2 protein chains.
Amino acid sequence: MAADLSTTSYALLGLLALDPDDPAEGLTGYELKQRCDFTMRYYWVSPATSQIYTELARLDRLGLVDVTEEGTGRRSTRRYALSDAGRERLLTWLTTSEPDFPVLKHPVALRLMFGHMVEPEQVERWLATYIAQLEERTTELRAVREMLGDDARLRSPARVAEWGLAYFASERAISEDLRKQVADGDGGPVT
Amino acid sequence: MAADLSTTSYALLGLLALDPDDPAEGLTGYELKQRCDFTMRYYWVSPATSQIYTELARLDRLGLVDVTEEGTGRRSTRRYALSDAGRERLLTWLTTSEPDFPVLKHPVALRLMFGHMVEPEQVERWLATYIAQLEERTTELRAVREMLGDDARLRSPARVAEWGLAYFASERAISEDLRKQVADGDGGPVT
DNA sequence: ACAGCCATGTAACTCGTTACATGATTAC
DNA sequence: GTAATCATGTAACGAGTTACATGGCTGT
């Protein structure tokens, strides 16, 4: 019993806890995936659709979610809502577990590490592309932030969105600085 | 042939390419693990020791590394160096692959998302611990940066270390800001 | 009639981890 | 002699991915 859940499981429980469509109707796996894409991916991950369903089945087996089945036709639609046990479990995790230090997988920084092997133009391309992607993500996340508004119940997610925006801004500044360094001839392959 | 390698494989090839002990003696799996711990973990990952050996065996099978076996006693010590094919393969990857957008797994930000469920003191504890960890990491990374010095051949890794330091500084600033917000009563559980 | 979104799931596989097993060399 | 460090690997497992399969509902 109480087999330990992965952090992703807790993240899903958390999303269910945040469900704003109050009257405990719950969310479908499909909707959950959308919410992951919408916010969670910025500072955790957005699990594959198939994993969401697998995870929901597990949470159901453990009694941490309440399932409502709407049998429309031959195929059913399941809505998942946080159960009392689920809420308690989430709360226990929040109050007793020690958060690990963040893990960053940064393919641009990794490549930059070997920048001495390629032309400086290549390094500039990496950085330029990254900066463009940062701009896109920033626009998206800004929209998320705005959608969260000033609702007191959504203050925490809103704060996290702001954290993300600050992070993107910092990444942008660093990347632009590096780009300038490289453009100023301070790089290139060492033969 | 040319089965695609994982990014971690390329990262290891890259570390071999950076090997400063010039005369192509190469590195042992053990040493490689130390170098991963030393720098790569800050912006990629430090694979488990067992994975390093598995990966090295694969790279050997593919002819991307040259292996020198020193049979001291019953047990051997293997030194791995980048082969010509390996260098070419790494270069191809650097010049033709598109870096993915970074993935951040941020357990503190994730928990903060659900901060409305717990006491503000809990949120402050998360942030305080994170800030303390950031300080430690900053000290460590600063040492790495200094060790890399001004050697032209190590300019790229040095730049990445500086990137990491800027990132830590930004995280610290954001965390401290959030901590202040929470301390100013702008939080707490919404019952 | 067909495209596109809503919705759920299985199977095969990869990557990476932890736990375990082993043994040589160096420092005290 | 014994603890720490150097050094190499196997086995079992878990978390997550991609590819695939299925089918209803909605708008044009």
Side-chain angles (χ1 to χ4, degrees), chain A residues 3-13 21 25-38 40-41 44-62 65 67-81 100-101 103-105 107 110, chain B residues 3-13 21 25-38 40-41 44-62 65 67-81 100-101 103-105 107 110:
Chain A
D4 242 31
L5 299 176
S6 66
T7 303
T8 298
S9 299
Y10 286 112
L12 290 180
L13 287 180
D21 303 339
E25 275 251 62
L27 299 170
T28 67
Y30 189 86
E31 287 166 345
L32 222 32
K33 167 64 177 166
Q34 288 179 318
R35 304 213 176 180
C36 288
D37 283 344
F38 192 61
M40 228 174 68
R41 68 165 161 144
W44 190 246
V45 286
S46 190
T49 304
S50 64
Q51 202 200 342
I52 301 232
Y53 288 108
T54 309
E55 216 51 76
L56 284 173
R58 187 213 312 280
L59 294 175
D60 183 20
R61 262 199 324 278
L62 294 170
V65 289
V67 191
T68 318
E69 197 153 351
E70 289 161 21
T72 31
R74 219 160 313 179
R75 207 173 174 94
S76 58
T77 294
R78 293 197 172 88
R79 303 206 150 264
Y80 297 84
D100 286 332
F101 194 80
V103 170
L104 184 59
K105 287 196 168 198
L110 179 64
Chain B
D4 243 31
L5 299 177
S6 67
T7 303
T8 299
S9 300
Y10 286 113
L12 290 180
L13 287 181
D21 303 338
E25 275 251 62
L27 300 170
T28 67
Y30 188 87
E31 286 165 345
L32 222 32
K33 168 63 176 165
Q34 288 178 319
R35 304 214 176 181
C36 287
D37 283 344
F38 191 61
M40 229 174 67
R41 68 166 163 144
W44 192 247
V45 285
S46 191
T49 305
S50 65
Q51 202 199 343
I52 302 229
Y53 287 108
T54 308
E55 215 52 77
L56 284 173
R58 188 214 308 284
L59 294 175
D60 183 22
R61 263 198 323 277
L62 293 169
V65 289
V67 191
T68 319
E69 197 155 350
E70 288 161 22
T72 32
R74 219 161 313 179
R75 207 175 175 92
S76 58
T77 294
R78 292 197 172 88
R79 304 207 148 264
Y80 296 85
D100 286 332
F101 194 80
V103 171
L104 184 59
K105 288 197 168 197
L110 179 64

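Chain naming here is simple, since letters A, B, ... match the order of the sequence lines and numbering starts at 1 in each. Keep in mind it's a predicted model, so treat the numbers as computed, not measured.
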Original post:
What's the verdict on side-chain contact (heavy atoms from CB on, under 4.5 Å) for A:L5 and A:R58, showing C-alpha distance, side-chain angles and the deciding distance?
Top reply: CA-CA 10 Å; A:L5 299 176; A:R58 187 213 312 280; 4.0 Å; yes

**OP:** Check every strand shown and say whether A:S46 touches a base, only sugar-phosphate, or nothing at a heavy-atom separation below 4.0 Å.
**Re:** sugar-phosphate

Original post:
Rounded to whole angstrom units, what separation is found between the CD atom of A:E70 and the C1' atom of D:dG24?
Top reply: 14 Å

Original post:
Which atoms form the tightest heavy-atom contact between A:E55 and A:S9, and what is the distance?
Top reply: OE2-OG, 2.8 Å

Using atom names, set out every protein N or O paired with an N or O of nucleotides 7-10 of chain D below 3.5 Å, distance rounded to 0.1 Å.
| residue | atom | partner | partner atom | Å |
| --- | --- | --- | --- | --- |
| D:dT8 | OP1 | B:R78 | N | 2.9 |
| D:dT8 | OP1 | B:R78 | O | 3.2 |
| D:dT8 | OP2 | B:G29 | N | 3.1 |
| D:dT8 | OP2 | B:Y30 | N | 3.2 |
| D:dT8 | OP2 | B:Y53 | OH | 2.7 |
| D:dT8 | O5' | B:Y53 | OH | 3.4 |
| D:dT8 | O2 | B:R75 | NH2 | 2.6 |
| D:dG9 | OP1 | B:R78 | NH1 | 2.3 |
| D:dG9 | OP2 | B:R78 | NH1 | 3.2 |

Original post:
When the distance from NZ of B:K105 to C1' of C:dG16 is rounded to whole Å, what number comes out?
Top reply: 11 Å

Original post:
What are the two closest non-hydrogen atoms of A:L12 and A:C36, and how far apart are they?
Top reply: CD2-SG, 3.9 Å

Subject >> Between C1' of C:dA12 and CD of A:Q51, the distance in whole Å >> reply: 16 Å

**OP:** For B:T77 and B:E70, test the side chains for any donor-to-acceptor distance below 3.5 angstrom and give the result as yes or no.
**Re:** no

Original post:
Rounded to the nearest Å, what distance is computed from the CG atom of residue B:L32 to the C1' atom of nucleotide D:dC6?
Top reply: 15 Å

Original post:
Taking atom P of D:dC6 as reference, at what distance in whole Å does atom CG of B:L27 sit?
Top reply: 14 Å

Original post:
Between A:I52 and A:L56, is any pair of side-chain heavy atoms under 4.5 Å apart?
Top reply: yes

**OP:** Could you check how far CD of A:E69 sits from P of C:dA7, rounded to whole Å?
**Re:** 14 Å

**OP:** List the atom of A:V45, the atom of A:M40, and the distance in Å for their closest heavy-atom pair.
**Re:** O-CE, 3.3 Å

Subject >> Value in whole Å for how far the P atom of D:dA15 lies from CG of A:L59 >> reply: 12 Å

Subject >> Between C1' of D:dT17 and CD of A:E55, the distance in whole Å >> reply: 14 Å

